[in-house]
Number of protein chains: 2
Amino acid sequence: MKSPQPSPAPARTDHDLPTATALKLWVVLSRAQWAVQQVSINDIESHGLSPAEFAIIEVLFHKGPMLLGEVQRKVLVSSGGITFLVDKLAKRGLVERRECPSDRRARYAALTPEGEALMHEIFPAHAAAIRDAVAGLPVDEQKTLISALKALGKEAERVASETPRCKKAVAELNNSAS
Amino acid sequence: MKSPQPSPAPARTDHDLPTATALKLWVVLSRAQWAVQQVSINDIESHGLSPAEFAIIEVLFHKGPMLLGEVQRKVLVSSGGITFLVDKLAKRGLVERRECPSDRRARYAALTPEGEALMHEIFPAHAAAIRDAVAGLPVDEQKTLISALKALGKEAERVASETPRCKKAVAELNNSAS
DNA sequence: ACTATAAATCTTACTTCTAAGATATTACCA
DNA sequence: TGGTAATATCTTAGAAGTAAGATTTATAGT
């Protein structure tokens with residue numbers, strides 16, 4: 001029963017403590033992730049790259065050449081999306097496709113020397129930006145936070161994989177866990 | 001299958017401990033947020049709503065009618081985006097625009113009775129899904145995590161607002177802090 | 001060998017969202 | 001008052017991505 005007032009009473013839905021805590025956690029988790037992401041995006045776009053483009057060249061930089069499908073799962077885009085993005089990066093000379101000798105359906109994505117040079121040039125500053133973004137906590141508390149978030153994420157992935165719609169996405173993510 | 005590659009040495013960039021810890025934290029933070037988001041999206045899409053649509057009706061449900069610009073800042077979409085989304089929700093009869101008596105430029109967005117009824121019907125289960133998604137940690141650890149993430153987010157927002165590109169977005173976000 | 005199925009990428013059509021500017025209204029201030 | 005800037009929303013064009021299916025190649029059972 002809400003009062004039929006000019007400004008309708010906002011709904012109260014924080015029934016029990018565990019649920020209220022969970023919703024609060026979900027808000028601050030999203031907001032913290034968003035804020036760090038802004039710092040990351042800021043740095044990335046200052047180099048004329050989109051976040052998805054950077055994610056691709058970063059994974060290639062750290063793991064070496066990789067099948068398009070593997071990149072796709074790591075970067076969490078659709079198969080059409082990875083084609084689109086690699087096309088763009090190839091046009092800019094940062095990435096190239098290579099044939100797979102053992103499977104003629106497959107293509108590797110690999111950094112060109114230009115792409116490699118770009119990452120050597122910009123990645124250290126990017127890492128420093130992330131370091132500054134999370135500097136609200138001292139390093140030892142960051143380590144505690146890492147443990148907690150790992151436990152949280154692990155269970156959340158399990159719960160997500162139990163519901164029908166997302167099974168595939170989560171399964172693929174787990175597959176790509178290096 | 002994959003051939004044993006003479007893979008070009010992957011780049012090592014974890015120079016110092018603080019930076020390595022920060023990068024690790026950024027990964028697990030993103031991944032935990034992503035996993036909980038999958039659970040949330042799963043639930044939302046099972047009701048035929050997009051995440052952005054749900055975000056709008058959720059904020060209207062909890063805070064009551066609100067100027068389009070306020071909704072926009074809370075939901076973090078562009079001004080064109082809020083017009084597009086409210087149009088869609090209005091077509092489905094969940095939301096309506098109302099004139100603002102004191103400012104003829106402005107419009108309120110408000111839930112219709114149908115929108116209100118829908119949220120009463122689906123929100124408790126949504127909150128329960130979030131509660132289950134974060135159940136990897138006991139409630140008292142969740143509270144510790146909330147404090148840590150608040151400190152992290154606060155500093156990250158400050159750092160983000162120092163860089164030119166994002167000043168506006170972060171400032172607006174801070175404005176909308178209720 | 002043959003067939004069916006699966007896998008890897010690409011294509012197409014479409015959805016969602018942004019950026020920039022248009023429009024209308026309000027606020028400020030000389 | 002009148003002029004300028006600010007505010008609130010909407011419009012338009014296009015970017016960025018998805019989903020579904022097409023294409024090509026590989027794998028496995030018979």
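Heavy atoms only: backbone and side chains are in, while hydrogens, waters and symmetry mates are out. Order of the sequence lines fixes the chain letters, A, B, ..., with proteins taken first and strands second; residue numbering starts at 1 for each chain.
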Could you state the [atom1]-[atom2] distance from [X] to [N], rounded to the nearest angstrom?
X        : N      : atom1 : atom2 : answer
B/Ile41  : D/dA19 : CD1   : C1'   : 16 Å
B/Arg104 : D/dA8  : CZ    : C1'   : 14 Å
A/Leu49  : D/dA16 : CG    : C1'   : 15 Å
A/Lys91  : D/dA15 : NZ    : C1'   : 13 Å
A/Glu53  : D/dA15 : CD    : P     : 13 Å

Indicate every side-chain donor-acceptor pair of residues 128-145 of chain A with a distance under 3.5 Å to a residue at least two apart or in another chain.
unit_1	atom_1	unit_2	atom_2	d
A/Gln142	NE2	A/Val134	O	3.0
A/Gln142	NE2	A/Leu137	O	2.9
A/Thr144	OG1	A/Asp140	O	3.2

*Report the nucleotide, chosen from C/dC17, D/dA16, D/dG17, that has the shortest atom-to-atom distance to any side-chain atom of A/Lys88.*
D/dA16
*Could you walk me through whether B/Gln33 and A/Trp26 pass the side-chain contact (heavy atoms from CB on, under 4.5 Å) test, one step at a time?*
CA-CA 8 Å; B/Gln33 196 275 340; A/Trp26 172 223; 3.8 Å; yes
Can you list the residues that meet the salt bridge (Lys or Arg N to Asp or Glu O under 4.0 Å) rule with [X], with sequence neighbours excluded?
X        : value
B/Glu96  : B/Arg98
A/Arg105 : A/Asp103
A/Lys88  : A/Glu53
B/Arg97  : B/Asp87

_Sugar-phosphate or base contact per nucleotide [nucleotides 4-11 of chain C; S, B, -; heavy atom under 4.0 Å]_ = --BBSSBB
